[in-house]
Protein chains: 2
Amino acid sequence: MTTRWLTPEEQRAWRAYVAASLLLEDAIDRQLQQDAGMPHLYYSILSVLSESPERRLRMTDLAERLKITRSRLTYAVTRLEKDGLLRREACRYDKRGSIAALTDEGFAVLERAAPGHVDTVRSFLFDRLSEEQVGQLEEISAAIAQGLQEDGTRPAADDVPWRRRSSPTCS
Amino acid sequence: MTTRWLTPEEQRAWRAYVAASLLLEDAIDRQLQQDAGMPHLYYSILSVLSESPERRLRMTDLAERLKITRSRLTYAVTRLEKDGLLRREACRYDKRGSIAALTDEGFAVLERAAPGHVDTVRSFLFDRLSEEQVGQLEEISAAIAQGLQEDGTRPAADDVPWRRRSSPTCS
DNA sequence: TAGGTTTGTTTCAAACTTGAACCAAGCCCG
DNA sequence: CGGGCTTGGTTCAAGTTTGAAACAAACCTA
């Protein structure tokens, strides 16, 4: 089968998208690195934890929410733990499990960094978009993400759906 | 001044966007790594070169088009040069300059990889979006990119505009 | 034209990411 | 029970990115 190349419109959209996402991620990383001494992903880890019940989450669940590999998460958590921003705890119900728990210091760091981060996201993203566009962005993003998730490590169609639950947060 | 937090709509859009861009970039990187043995950025370098006059471009111009730092480009170009996919040439008009020139092998690799890459972009992105959404994505991306560019290394307002030209491609 | 600044590029060390092992601990089924 | 398969996490080496520093050539400007 011969390739269906991108139409000019698609080309333009693709290039604009790639450029924008690079620039945006860069800007956000730089701001957070400056103001909080950590890249965006690390900030996100703290952020997700802060919103989780008891401010703790199992590694796998955390990786799942952040859409990153376990390996990447392990590295990041190790660093954050060294910095005292979170603690690893053992899981009582599943001895394989490891739980990342935000420390008070981690929470404090997050609180200090949040305003600057939000300002950045606002000024580089939302201040540039109309309300309508914000909605469009969400829909487009959701569509993309959906297509990429159901794929993942192919659940193989005949997989038993109710078995695909993530393990308990072990609270 | 007190922080203007994100509205729920903005929150949703932001999270969806972050997730989508992570997943998409991951998927594309993996596909290209598999099929062409290089990450997305490296493929883009070859691609940009292939469309440039004489398939060559100065480092700075290349970095500018790709929206990456010179340092990052240097590293990537060094690798690609080792692989024989491009060559560095001296610039005759500006002895500081360095030019990246696509080799025939580089072009061949690009040609082989292109169909798979396009398929991936198509199936993960454009197949999921309506025509309308493609247009929206372009506009949104352009708006974001614009805001982030004019910033860059602040041209300092009083800068002389006509001096800000990029150097000749030195063809 | 000498000295100071800017511009183009590379270099270097430290930080981060990747993917493929690896090691347990749970799970399953005979 | 006792293997074998799956799952949760980490480890390790190789590759990539970052940002600051180093250089060198080009460009002023007095």
Side-chain angles (χ1 to χ4, degrees), chain A residues 22 25-34 37-43 45 57-64 66-83 88-100 153 155-156 159-160 163-170, chain B residues 22 25-27 29-34 37-42 45 57-64 66-83 88-100 153 155-156 159-160 163-170:
Chain A
L22 256 173
E25 195 45 20
D26 262 30
I28 289 176
D29 266 335
R30 250 197 311 286
Q31 184 270 320
L32 281 171
Q33 193 68 57
Q34 286 272 317
M38 68 183 77
H40 186 197
L41 174 66
Y42 292 57
Y43 175 92
I45 292 175
L57 223 43
R58 279 190 67 155
M59 294 297 279
T60 297
D61 296 331
L62 199 42
E64 162 63 22
L66 294 166
K67 313 303 179 201
I68 62 174
T69 62
R70 294 194 191 72
S71 159
R72 190 176 177 184
L73 179 61
T74 295
Y75 180 89
V77 162
T78 303
R79 196 261 231 198
L80 291 172
E81 187 173 29
K82 254 178 211 130
D83 294 350
R88 258 189 256 247
E89 295 175 358
C91 176
R92 271 169 299 166
Y93 308 137
D94 181 344
K95 279 179 195 148
R96 293 169 301 182
S98 176
I99 299 190
T153 45
D159 209 33
V160 190
R163 288 268 296 91
R164 301 198 61 64
R165 291 284 53 237
S166 84
S167 33
T169 300
C170 196
Chain B
L22 256 174
E25 194 46 20
D26 260 31
D29 265 335
R30 249 196 313 283
Q31 184 270 320
L32 280 170
Q33 193 69 56
Q34 286 273 317
M38 66 184 76
H40 187 196
L41 173 66
Y42 292 58
I45 292 176
L57 224 43
R58 279 190 68 155
M59 294 297 278
T60 297
D61 297 332
L62 198 43
E64 162 64 21
L66 294 165
K67 314 301 178 201
I68 60 175
T69 62
R70 294 191 192 68
S71 158
R72 189 177 177 184
L73 179 61
T74 294
Y75 179 89
V77 162
T78 303
R79 195 260 233 201
L80 291 171
E81 187 173 31
K82 255 178 209 128
D83 294 349
R88 260 188 254 247
E89 294 176 358
C91 176
R92 272 168 299 166
Y93 308 138
D94 182 343
K95 280 180 195 149
R96 294 167 301 181
S98 175
I99 299 190
T153 44
D159 209 32
V160 189
R163 290 269 294 93
R164 303 195 59 63
R165 292 283 54 238
S166 86
S167 34
T169 301
C170 197

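Chain naming here is simple, since letters A, B, ... match the order of the sequence lines and numbering starts at 1 in each.
- One finds a side-chain N or O of B:Ser98 lying less than 4.0 angstrom from the OP1 or OP2 phosphate oxygen of C:dT10.
- Of the residues near DNA chain D, A:Asp29 and B:Tyr75, the one whose nearest nucleotide (by heavy atom distance) lies more toward the 5' end is B:Tyr75.
- Judged by atom type and distance alone, B:Ser71 reaches the base of D:dG19 through a side-chain donor-acceptor pair under 3.5 Å.
- The base of C:dT7 sits within donor-acceptor range of the side chain of B:Arg96, with an N or O pair under 3.5 Å.
- Salt-bridge annotation for A:Arg58 and A:Asp94: present, with a side-chain N of the basic residue lying under 4.0 Å from a carboxylate O of the acidic one.
- Between the C1' atom of C:dT17 and the CD atom of B:Gln33 lies a distance of 11 Å, rounded to the nearest Å.
- Side-chain atoms of A:Asp94 lie closest to C:dG26 of the nucleotides C:dG8, C:dG26, D:dG19.
- Here C:dT18 is the nucleotide among C:dT18, D:dA26, C:dT10 with the atom lying nearest to any side-chain atom of B:Asp26.
- Close to C:dT17, at under 4.0 Å from its OP1 or OP2, lies a side-chain N or O of A:Tyr42.
- The nucleotide whose nearest atom lies closest to any side-chain atom of A:Arg79 is, among D:dG8, C:dC16, D:dG19, C:dC16.
- Taking only side-chain nitrogens and oxygens, A:Arg72 comes nearer than 4.0 Å to OP1 or OP2 of C:dT18.
- Atom P of nucleotide D:dT18 and atom CG of A:Leu32 are separated by 14 Å, given to the nearest angstrom.
- At D:dT10, one or more side-chain N or O atoms of A:Arg88 fall inside 4.0 Å of OP1 or OP2 (strictly under the cut-off).
- If you find the closest nucleotide of DNA chain D to A:Met59 and to A:Gln34, the one lying nearer the 5' end belongs to A:Met59.
- Of all nucleotides listed (D:dG9, C:dT18, C:dG26), C:dG26 comes nearest to the side chain of A:Lys95.
- In terms of phosphate contacts, B:Arg58 brings no side-chain nitrogen or oxygen within less than 4.0 Å of OP1 or OP2 of C:dG8.
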